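All remarks here apply to the structure that follows.
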Amino acid sequence: MNHPPRYWYGPRRWSGYRHPQTWEGWLLDIGLFVLFMCLSPWLQPNSQHPLSCLGLVAGVIVIFTVIRSWKGEP
């Protein structure tokens, strides 16, 4: 049997944001929020190296965007 693919995210809207359609999509969105909350202590403006966490945050955003594009409806 050939089953149609199950997309985690709906089609892109005019803003480019994809809304979660399944529990996996919601879990990924909530996981990203929790991850950023866990990273927030390292994003202190009075740090000796204020841009030290920029690469980590950019990497997380890139990985999140790739998963959303991969699992999103075309």
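Small disclaimer: the values here were computed from a predicted structure and weren't measured. Quick note: numbers below take in every heavy atom, side chains included, and nothing from hydrogens, waters or symmetry partners.
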Contact summary for Y7 and G72, nearest pair of heavy atoms:
CD2-O, 3.5 Å
Which donor-acceptor pairs under 3.5 Å do the side chains of residues 56-67 make with protein atoms, sequence neighbours left out?
| unit_1 | atom_1 | unit_2 | atom_2 | d |
| --- | --- | --- | --- | --- |
| T65 | OG1 | I61 | O | 2.8 |

Per side chain to side chain contact (heavy atoms under 4.5 Å, CB included), W8 is matched among E73, K71, R68, Q21 by K71
Separation between CG (L32) and CG (L27), nearest 0.5 Å, reads 11.5 Å
Check G25 against P20 and note the closest heavy-atom contact, atom names and distance.
C-CB, 3.8 Å
Once rounded to the nearest 0.5 Å, what's the spacing between atom CG of D29 and atom CZ of R18?
12.0 Å
So E24 and R6, side-chain contact (heavy atoms from CB on, under 4.5 Å) or not? Walk me through it.
CA-CA 11 Å; E24 294 97 343; R6 194 169 128 221; 2.7 Å; yes
Does L35 share a hydrophobic cluster with L28, counting links as ILVMFWY side-chain heavy atoms below 4.5 Å and allowing steps through other members?
yes
